[in-house]
Amino acid sequence: MTLEYWKTAVIQSLEELSDPEFQKKAWLRNEGNLISSPSEASDELFNDTGLGEEMKSRLVFSDIADSLLKELRKRISKINFEQNIETMLSSKEWIDIRELALQTLLEVKKAVNTEKP
């Protein structure tokens, strides 16, 4: 069984938000064909996938995963995306977001892997 598109997009967004090497490569050094920024990654996760709307009305993945997603959204909303990217990536707030994104990614994957077909 293949994952629904939006679940795959959620997982990819969380991978991007949790990967410091990707962030340096894509957002700081603009290497490769990666068209992204911290704000785009956040928008993709919560808006483009429809996850933000889904979370308003129902349990999407699991109690733990959904709780972590809500906390991640709250923390990301406090970030000033207009600041210097290098400064942002090395800030305690962004490092905490990366760690939370990784924890969230693991819980989302766990929830997806235990879904019934």
Side-chain angles (χ1 to χ4, degrees):
M1 180 180 136
T2 60
L3 282 178
E4 296 172 51
Y5 168 78
W6 69 271
K7 289 179 184 177
T8 301
V10 166
I11 289 169
Q12 289 172 344
S13 295
L14 287 168
E15 287 171 344
E16 194 171 307
L17 286 168
S18 65
D19 185 345
E21 292 308 312
F22 170 85
Q23 293 170 11
K24 288 177 191 171
K25 183 178 178 181
W27 303 343
L28 192 56
R29 297 190 299 257
N30 296 317
E31 292 180 8
N33 294 328
L34 305 170
I35 303 172
S36 185
S37 69
S39 61
E40 286 179 23
S42 174
D43 284 344
E44 182 179 330
L45 176 59
F46 293 106
N47 299 325
D48 297 352
T49 63
L51 178 62
E53 283 301 312
E54 287 295 316
M55 290 180 66
K56 290 179 183 177
S57 61
R58 68 178 182 98
L59 184 69
V60 179
F61 293 105
S62 70
D63 288 334
I64 295 171
D66 286 25
S67 177
L68 290 169
L69 283 161
K70 288 174 184 172
E71 180 62 24
L72 183 61
R73 187 175 204 178
K74 177 180 161 186
R75 290 190 193 184
I76 289 173
S77 74
K78 295 178 180 178
I79 294 292
N80 173 8
F81 289 117
E82 300 301 317
Q83 67 182 307
N84 175 280
I85 290 181
E86 188 171 10
T87 301
M88 186 195 77
L89 292 179
S90 61
S91 71
K92 178 178 178 353
E93 293 80 11
W94 192 259
I95 292 168
D96 290 347
I97 285 171
R98 264 199 310 261
E99 291 171 357
L100 181 58
L102 179 58
Q103 184 181 4
T104 305
L105 173 63
L106 297 174
E107 287 299 327
V108 166
K109 283 183 171 181
K110 187 188 310 181
V112 166
N113 288 332
T114 59
E115 288 179 353
K116 295 179 183 176

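Throughout, residue positions are numbered sequentially from 1 according to the sequence presented. Hydrogens, waters and symmetry mates play no part in the numbers below; they use all other heavy atoms, side chains included.
Taken from CG in Leu89 to OG in Ser91, the straight-line distance is 7.5 Å, to the nearest 0.5 Å. To the nearest 0.5 Å, atoms CD (Gln23) and CD (Glu16) are separated by 7.5 Å. A distance of 11.0 Å separates CD1 in Ile11 from CG in Leu45, rounded to the nearest 0.5 Å. Atom CD1 of residue Ile76 and atom CD of residue Glu71 lie 10.5 Å apart, to the nearest 0.5 angstrom. Separating the OG atom in Ser18 from the CG atom in Leu100 is a distance of 10.5 Å, to the nearest 0.5 Å. Rounding to the nearest 0.5 angstrom, the gap separating the CG atom in Asp63 from the CD atom in Glu107 is 10.5 Å.
The two residues Pro38 and Met88 have their closest heavy-atom pair at CG-CE, 3.2 Å. Residues Glu44 and Ala9 approach most closely at OE2-O, 4.0 Å, considering heavy atoms. Nearest heavy-atom pair, Asp19 versus Glu21, reported as atom, atom and distance to 0.1 Å: OD1-N, 3.0 Å.
Ring geometry for Phe61 versus Trp6: interplanar angle of 30 to 60°, hence tilted.
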**OP:** Kindly determine whether Glu40 and Trp27 satisfy side chain to side chain contact (heavy atoms under 4.5 Å, CB included), including the steps that lead there.
**Re:** CA-CA 10 Å; Glu40 286 179 23; Trp27 303 343; over 6 Å; no
**OP:** Given side chain to side chain contact (heavy atoms under 4.5 Å, CB included), test Leu17 with Trp94 step by step and report yes or no.
**Re:** CA-CA 9 Å; Leu17 286 168; Trp94 192 259; 4.0 Å; yes
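In the hydrophobic clustering of ILVMFWY residues, with side-chain heavy atoms under 4.5 Å counting as a link, Phe81 and Phe22 come out together. Hydrophobic clustering places Ile79 together with Leu28 (ILVMFWY residues linked when any side-chain heavy atoms are closer than 4.5 Å, directly or through intermediates).
Ion pairing between Asp66 and Lys70 fails under the 4.0 Å rule for side-chain N and carboxylate O. The pair Lys109-Glu15 meets the salt-bridge criterion, with a side-chain N (NZ, NE, NH1 or NH2) lying under 4.0 Å from an Asp/Glu carboxylate O.
Within a 6.0 Å radius of CD in Gln83, more than 12 heavy atoms belonging to other residues, nucleotides or ligands are found. At most 12 heavy atoms of other shown residues, nucleotides or ligands fall within 6.0 angstrom of atom CD1 in Ile64.
The closest donor-acceptor contact from the side chain of Ser42 to the backbone of Ser39 lies at 3.5 Å or more, if one exists at all.
Under the 4.5 Å side-chain criterion, counting only non-hydrogen atoms from C-beta, Arg98 is in contact with Ile95. Counting only heavy atoms from C-beta outward, the side chains of Leu72 and Leu14 approach each other to under 4.5 Å.
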